[in-house]
Every structure is written in structure tokens, then in C-alpha cells.
Amino acid sequence: MNNHIVVINAPKSGTDKYFERFCRQVRENHAHDKTPIVLINPDYPLGLPEYLDDMGVRLVEGRGVSPQDWQQANIEEAEHIVVLAKDDIPEDSDSVCFDICHRLSERGLSYRVIVECFDDGNRERFKSVGVKSVLRPIRSYPEVIVRALESPGAELIVEDMFTRAEDHFKRFPLWLEGDLWRDVVQAMMLDNLGTPMAAVSKEGEVMVHPRADQAIYAQSIIMLVKTAHTPAEAQVHDAFRRYISHDLSA
């Protein structure tokens, strides 16, 4: 087994459903549709559910800290190593995960590691041992970790959307009558207001990330804005009106 994905630890609740969603997301990427997935945890004393086994998932019973666990999982040859937070003991979870990451760094494997961290104050500790990515535990969306596997850095964008720390989505009324989506985007960005991500039709349908040349009939737009500099509705209206007026005169 090589170029596989190793996942150390498991969620306390909804374990089966979490791993099912995680594996299905991995399999949706053609580059990983046959990639073996190895779970290292002590939570399946009777073995894995059949549907996980059918998806190419294998189990190593252990806690992910011993050389024997790693040898059975052939961790030296893994493409990605995911260290999940121990959410049954959140007050100690970061220490447990750091110990695992430190051991992996001693074997020169930390650059392959994506680790979950409860306390933002501990992020730098994890980064100091060379891990690839540090994420908050988001149990409802294992897709965030999968994004980190497929497009390193993309997971930080998704995580930021959950936290509202730096950026967030906000809906603004803006009546559009067949305007091109690229004009909406340019108008907002030229005024440094944010990045339009979706339009809401007059029937209430949300159109996510329309094509640049798509004619949009909408009542509102949903925009990614800076939390510290959220524009007012009037600013959005004025920016679009100025852009359209200038475009028509040109």
C-alpha cells in the first residue's frame, strides 16, 4: 500500500456517517477514486461497516502513536496524513494531536499532515513542527479536510467562511434586468466593496457563481465582504449605478 491516505483518530459521535461522507468526497476526485484510505483508531472493535470496506477503506486498530500502528498503516508511504481532534476530550485534544505530529516530524513526515486544532493559540505550535495545514474541527463538513487534500490552502477559505473572522457572506438588494454578471463583479471590485459570489433571482432561486457572460435577472446579490469593512446597501447601489453609467457613456 502506497500513496494512500491515513486518518488518525475518529469523531466521538456520528463516526460512521463522518467517514462515509469523507470517503465519498475523496472518491469524487478522479485522482483519488481508487486511492486506499486507512483509518487508525480503536473505535471499531468488530471491524468496519461493510459499506466503508466496499469503498476501499482499511482499519488499523490503535491510537496512532506507536511504531506498530504506523508500520501496519505503512505511513511512510502515505500521500496524506490526517490527524483528527479527539473531540471526546477537547481540553486535552491539542496536546494529543501535537504529540502525534511531533512524532511524525521526527520521521520527516509532518509536511504531509493535516491536523485539527481546537485552540487557535496552539496553531503556531503545530506549524513549528512543519505540518501542512491546521484546521478547526468542523464535524458536519469533512469536505473541508478533503479540500485541504486536493487544493492546499482552499480549506482556509472555507474555514474562514464558517468563523466570520476576516470575511463573511452578506446579501445586498440589487435589481438586475439582464445585466452581465461580469459587470456586477467589476462594479463591486472596482469600488473595493467585495466579491460577488451569487445572485438571487426574482423567484428566490440562488444562482451560485454564474458564468461571466451570463445575463442576470435578480433581486439581490450575495457578496463576500471584509468583516471589518462591510459596505452599506447604498454603497452597493451607487457603485453599480456609476459603473453602468460610465460603461454606457463610453
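- No donor-acceptor pair closer than 3.5 Å links the side chain of Ser151 to the backbone N or O of Arg147.
- Without hydrogens or angle criteria, Trp70 side chain to Glu76 main chain gives no donor-acceptor distance under 3.5 Å.
- Using a distance-only test at 3.5 Å, with no hydrogens or angles considered, a donor-acceptor pair links the side chain of Gln235 to the main chain of Ala232.
- Between the side chain of Ser110 and the backbone N or O of Ser105 there is no donor-acceptor pair closer than 3.5 Å.
- Put simply, the side chain of Glu233 reaches to within 4.5 Å of the side chain of Phe172, judged on heavy atoms.
- Annotation: side chain of Lys202 is in contact with side chain of Glu177 (closest heavy-atom distance under 4.5 Å).
- The two residues Asp69 and Val60 have their closest heavy-atom pair at O-CG1, 3.9 Å.
- Asn2 places no side-chain N or O within donor-acceptor distance of the main-chain N or O of Glu77, the cut-off being under 3.5 Å.
- Between the side chains of Ser95 and Asp92, not a single donor N or O lies within less than 3.5 Å of an accepting N or O.
- To the nearest 0.5 angstrom, Glu20 atom CD is 11.5 Å from Gln25 atom CD.
- For Arg27 (side chain) and Thr35 (main-chain N/O), a donor-acceptor pair under 3.5 Å exists by modelled atom type.
- Checked by atom type and distance alone, the side chain of Asp191 never pairs as donor or acceptor with a backbone atom of Val236 at under 3.5 Å.
- Considering every non-hydrogen atom in both Ala78 and Ile81, the closest pair reads CB-CG1, 4.2 Å.
- Under the 4.0 Å criterion applied to side-chain N and carboxylate O atoms, Arg136 and Asp120 are assigned as salt-bridge partners.
- The shortest side-chain heavy-atom distance between Asp87 and Pro137 does not fall under the 4.5 Å cut-off.
- Considering only heavy atoms from C-beta on, Val115 stays 4.5 Å or farther from Phe98 through its side chain.
- Between the Gln219 side chain and the Ser201 main chain, a donor and an acceptor come within less than 3.5 Å of each other.
- The shortest side-chain heavy-atom distance between Leu193 and His229 does not fall under the 4.5 Å cut-off.
- With sequence neighbours excluded, no residue forms a ring pair (Phe, Tyr, Trp, His ring centres under 6.0 Å) with His4.
- Proximity of a side-chain donor or acceptor of Arg63 to a complementary backbone N or O of Asn41 within less than 3.5 Å is not detected.
- Atom OG1 of residue Thr227 and atom NZ of residue Lys170 lie 11.0 Å apart, to the nearest 0.5 angstrom.
- Remark: Ile244 CD1 to Arg242 CZ distance equals 12.0 Å, nearest 0.5 Å.
- Looking at Glu28 and Arg24, no side-chain N of the basic residue comes within less than 4.0 Å of a carboxylate O on the acidic one, giving no salt bridge.
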### Task
Show your working on side chain to side chain donor-acceptor pair (under 3.5 Å) between Tyr243 and Gln186 and close with a plain yes or no.
CA-CA 8 Å; Tyr243 180 87; Gln186 290 184 52; 3.1 Å; yes
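- Residues Leu84 and Pro11 share a closest heavy-atom pair of CD1-CD, 4.0 Å.
- Here the side chains of Trp181 and Met207 are not in contact, with every heavy-atom distance at 4.5 Å or above.
- In the hydrophobic clustering of this structure, Leu190 groups with Ile216; members are Ile, Leu, Val, Met, Phe, Trp, Tyr whose side-chain heavy atoms approach within less than 4.5 Å, directly or through other members.
- Counting only heavy atoms from C-beta outward, the side chains of Leu180 and Gln214 never approach each other to under 4.5 Å.
- Counting only residues at least two apart or in different chains, side-chain hydrogen bond (donor to acceptor under 3.5 Å, both in side chains) contacts with residues 49-60 comprise Asp53-Arg58.
- Annotation: cation-pi geometry not satisfied between Lys17 and Phe19 (NZ/CZ under 6.0 angstrom from ring centroid, within 45° of ring axis).
- Cluster membership check: Val65 shares its hydrophobic cluster with Val6, using side-chain heavy-atom separations under 4.5 Å among Ile, Leu, Val, Met, Phe, Trp and Tyr.
- Side chain to side chain, Glu79 and Asn3 fail the donor-acceptor criterion of an N or O pair below 3.5 Å.
- Scored by the salt bridge (Lys or Arg N to Asp or Glu O under 4.0 Å) test, Asp43 finds no partners at all (sequence neighbours excluded).
- The SG atom of Cys101 lies 5.5 Å from the CZ atom of Phe126; values are rounded to the nearest 0.5 Å.
- Salt-bridge check for Arg139 with Glu116: passed, with a basic side-chain N closer than 4.0 Å to an acidic carboxylate O.
- At least one donor-acceptor pair closer than 3.5 Å links the side chain of His237 to the backbone N or O of Pro173.
- Nearest heavy-atom pair across Gly64 and Ile8 is CA-CG2, 3.8 Å.
- Between the OG atom of Ser133 and the CG atom of Leu149 there is a distance of 9.5 Å, given to the nearest 0.5 Å.
- For Lys226 and Asp167, the salt-bridge test passes: some basic side-chain N is under 4.0 Å from an acidic carboxylate O.
- For the pair Leu174 and Ser220, the minimum side-chain heavy-atom distance is 4.5 Å or more.
- Atom SG of Cys23 and atom CG of Leu52 lie 5.5 Å apart (nearest 0.5 Å).
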